[in-house]
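Below is one structure, written out as C-alpha cells; the observations come after it.
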Amino acid sequence: MPRMGSPPASLALQGCPAPRLAGRNGVAMSVGSAPGTSDCPAPSVVLGVPTTCPDVGRRPSSPAGAGPGVAPGGRGRAQLRGAVAGPRAAGRTRPGPRVAPGGRAGAMELLSALSLGELALSFSRVPLFPVFDLSYFIVSILYLKYEPGAVELSRRHPVASWLCAMLHCFGSYILADLLLGEPLIDYFSNNSSILLASAVWYLIFFCPLDLFYKCVCFLPVKLIFVAMKEVVRVRKIAVGIHHAHHHYHHGWFVMIATGWVKGSGVALMSNFEQLLRGVWKPETNEILHMSFPTKASLYGAILFTLQQTRWLPVSKASLIFIFTMFMVSCKVFLTATHSHTSPFDALEGYICPVLFGSACGGDHPHDNHGGSHGGGGPGAQHSAMPAKSKEELSEGSRKKKTKKAD
C-alpha cells in the first residue's frame, strides 16, 4: 500500500501529477503535486477510489521540440525503449509492394530469361543427329526423286540410284575433304549416318504405295523438314570454316571456299551426279546459274570467315542463330509459295550494274535444292536447246547442198 503523501507508482511512471483527495466539504486537495509539470489533469480520488489519468493507456502528447510520443519526464525512457527495440526492428524488413505479372519487374525478368546470348548459345549446342540429320536426308533425297528419270533409274539401276542419293546427302563433305587434302571417303566411316540415309532412300523410292513419299511431301510436314535442313546447312558452314581455319589460319579464301562447299556441295556437284544417272547437261552448271541456297551459302561463308578472323564483332553462337533464322524464313517462304526467285535479286540488281556493268544472276533455270520439282521450266529450256541445234544442222546441210549444186 502506498503512503498517503506519495502518488501511486502507476501514475508516477506516466508523468501525471499526484492525485487529489476529496475532502469532507468536497474541496479537492492535491497530495505531493507539483503544479505545471504536465498537461494531464490531475486525477482525483472520490470516495476512496482513485481515478486514473485520462492519458493513461494512450501515448501522451509531446511538447514542441520533443520527438513524437515522448513525455517531458519520460524522454530518457523513450530513448531507452527505442535503443532496445532498434536492433530487433532492424532485422525485420517490411516487404515491398507486390508487382503485377505484367509490370516492369515481370518484363525485365522475362527479358533476362530470354536473353539473346543465352538462347543463341543453347541453340548452337543442340545436337544434329538424328533428328536434324534425318530431315536433311529426307529433303535431299526428295529433290533427287524430283529429277526426271530418277524413278526409272532406281528400278533399273538401284546401285547407281543409291550412289546418287549418297552424293545428295554427303556431297558437301566430299568436296570439303577434296579442298583440304583429306581422304574423300572419310565421312563414309560414319556408319550410323550412312545407314540412316540408306533407309530414307529405300523408303522414298520403294515404299509400298509410296506411303512414305506421300507423307513427307505433304506441304506442312515438308516445310518442317525444310526448316530443319537449313539448320544443318548453317551449322555445316560454321564447322567447315572452323576446320579450314585450323589448317590455314590466315587463308581467308580457303575458309570461304570450304564453308561454301559445305553449305552447297550438292549443287556444285550436280554435273557429276548427273553423269551417274547417265545425263549430261552442261548448261545446268550451278556456278553459271546460282540458286538461292548456293548464294546464301557463299554470303554466309564470308560472314563466318569475318567472325572467325575477329573482323566481325559478334559471337559465333549469335551469328549461327541469326543466320539460321534468316535461312529458315527465306527457304520456308520460297518452298511454300513454289517460288524460284532469290531474295538477293533486288540487291544484286542495284549493285551488279555499278560494279560489273550488267545484272548478274538474273536467270535461274532451276534450283537444285527444291526448284527443279516445279515443272516445265528446266524441261522447256532443255527442249529449246536441242531444237535450236537441229535448226542449225538443217541450215548447214542446206548450205552444203547449195554448194554442191553450184
Side-chain angles (χ1 to χ4, degrees), residues 114 116 119-147 150 165-173 192-239 262-267 291-297 300 317-343 366-375:
L114 297 179
L116 179 60
L119 179 61
L121 185 62
S122 302
F123 179 77
S124 63
R125 293 177 178 175
V126 173
L128 298 180
F129 186 85
V131 178
F132 289 91
D133 284 343
L134 176 63
S135 303
Y136 185 87
F137 298 154
I138 289 175
V139 177
S140 298
I141 299 177
L142 270 180
Y143 293 155
L144 172 62
K145 192 171 183 177
Y146 292 150
E147 294 291 336
M166 295 302 104
L167 283 181
H168 272 261
C169 295
F170 309 112
S172 58
Y173 299 99
S192 56
S193 297
I194 298 298
L195 291 176
L196 184 60
S198 301
V200 172
W201 164 78
Y202 186 84
L203 290 174
I204 288 180
F205 281 95
F206 302 101
C207 183
L209 302 178
D210 278 344
L211 292 179
F212 186 80
Y213 173 76
K214 293 176 182 178
C215 290
V216 297
C217 278
F218 184 55
L219 186 59
V221 178
K222 183 181 177 181
L223 293 180
I224 296 175
F225 290 148
V226 167
M228 297 175 74
K229 179 183 178 181
E230 298 308 313
V231 175
V232 179
R233 186 196 304 275
V234 177
R235 194 79 63 86
K236 286 165 63 177
I237 294 174
V239 172
K262 277 278 191 176
S264 60
V266 181
S291 59
F292 165 71
T294 304
K295 290 182 180 180
S297 299
S318 300
L319 184 58
I320 289 175
F321 179 77
I322 295 173
F323 195 70
T324 301
M325 293 300 104
F326 168 75
M327 291 293 295
V328 167
S329 58
C330 291
K331 190 59 182 175
V332 167
F333 175 77
L334 293 177
T335 305
T337 56
H338 302 285
S339 177
H340 299 185
T341 60
S342 173
H366 70 289
D367 186 355
N368 288 334
H369 294 268
S372 59
H373 61 88

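When all heavy atoms of Ala267 and Thr294 are compared, the pair lying nearest together is CB-OG1, 3.8 Å. Closest non-hydrogen pair, Val266 versus Leu167, comes out as CG2-O, 3.8 Å. When every heavy atom of Arg235 is checked against every heavy atom of Val126, the shortest pair comes out as NH1-O, 3.1 Å. Closest heavy-atom contact between Pro343 and Cys330: CG-SG, 4.1 Å. Minimum heavy-atom separation, Ile141 to Trp201: CD1-N, 3.6 Å. Here the closest non-hydrogen pair linking Ala238 and Ile320 is CB-CD1, 4.0 Å.
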### Query
What's the verdict on side-chain contact (heavy atoms from CB on, under 4.5 Å) for Phe225 and Thr335, showing C-alpha distance, side-chain angles and the deciding distance?
CA-CA 11 Å; Phe225 290 148; Thr335 305; over 6 Å; no

### Message
Could you go through Ser193 and Tyr136, starting from their C-alpha distance and side-chain angles, then the distance that decides it, and tell me whether this counts as side-chain contact (heavy atoms from CB on, under 4.5 Å)?
### Response
CA-CA 11 Å; Ser193 297; Tyr136 185 87; over 6 Å; no

### Derivation and outcome, ring pair (Phe, Tyr, Trp, His ring centres under 6.0 Å), residues Phe170 and Phe137
CA-CA 9 Å; Phe170 309 112; Phe137 298 154; 5.4 Å; yes

### Task
In sequence, state the C-alpha distance, the side-chain angles, and the governing distance for Phe292 and Thr341, and then conclude on side-chain contact (heavy atoms from CB on, under 4.5 Å).
CA-CA 7 Å; Phe292 165 71; Thr341 60; over 6 Å; no

### Task
Would you please test Arg233 and Phe323 for side-chain contact (heavy atoms from CB on, under 4.5 Å) and show each step?
CA-CA 10 Å; Arg233 186 196 304 275; Phe323 195 70; over 6 Å; no

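At most 12 non-hydrogen atoms from other residues, nucleotides or ligands lie less than 6.0 angstrom from CZ of Phe333.
For the atom pair Ile224 CD1 and Phe218 CZ, the distance stands at 10.0 Å (nearest 0.5 Å). In this structure, the separation between NZ on Lys229 and OG on Ser135 is 11.0 Å, given to the nearest 0.5 Å. To the nearest 0.5 Å, atoms SG (Cys169) and CG (Asp133) are separated by 9.5 Å. Atoms CG and CG, from Leu203 and Asp210 in turn, are 11.0 Å apart once rounded to the nearest 0.5 Å. The CG atom of Leu142 lies 11.0 Å from the NE2 atom of His168; values are rounded to the nearest 0.5 Å. The line from CD of Glu230 to CZ of Phe326 is 10.5 Å long, rounded to the nearest 0.5 Å.
Checked by atom type and distance alone, the side chain of Lys145 pairs as donor or acceptor with a backbone atom of Ile204 at under 3.5 Å.
In the model, Lys236 has a side-chain atom that pairs as donor or acceptor with a side-chain atom of Ser172 under 3.5 Å.
Each of Val200, Ile194, Leu196, Leu195 was checked for a side-chain contact (heavy atoms from CB on, under 4.5 Å) with Ser198, and the lone residue meeting it is Ile194.
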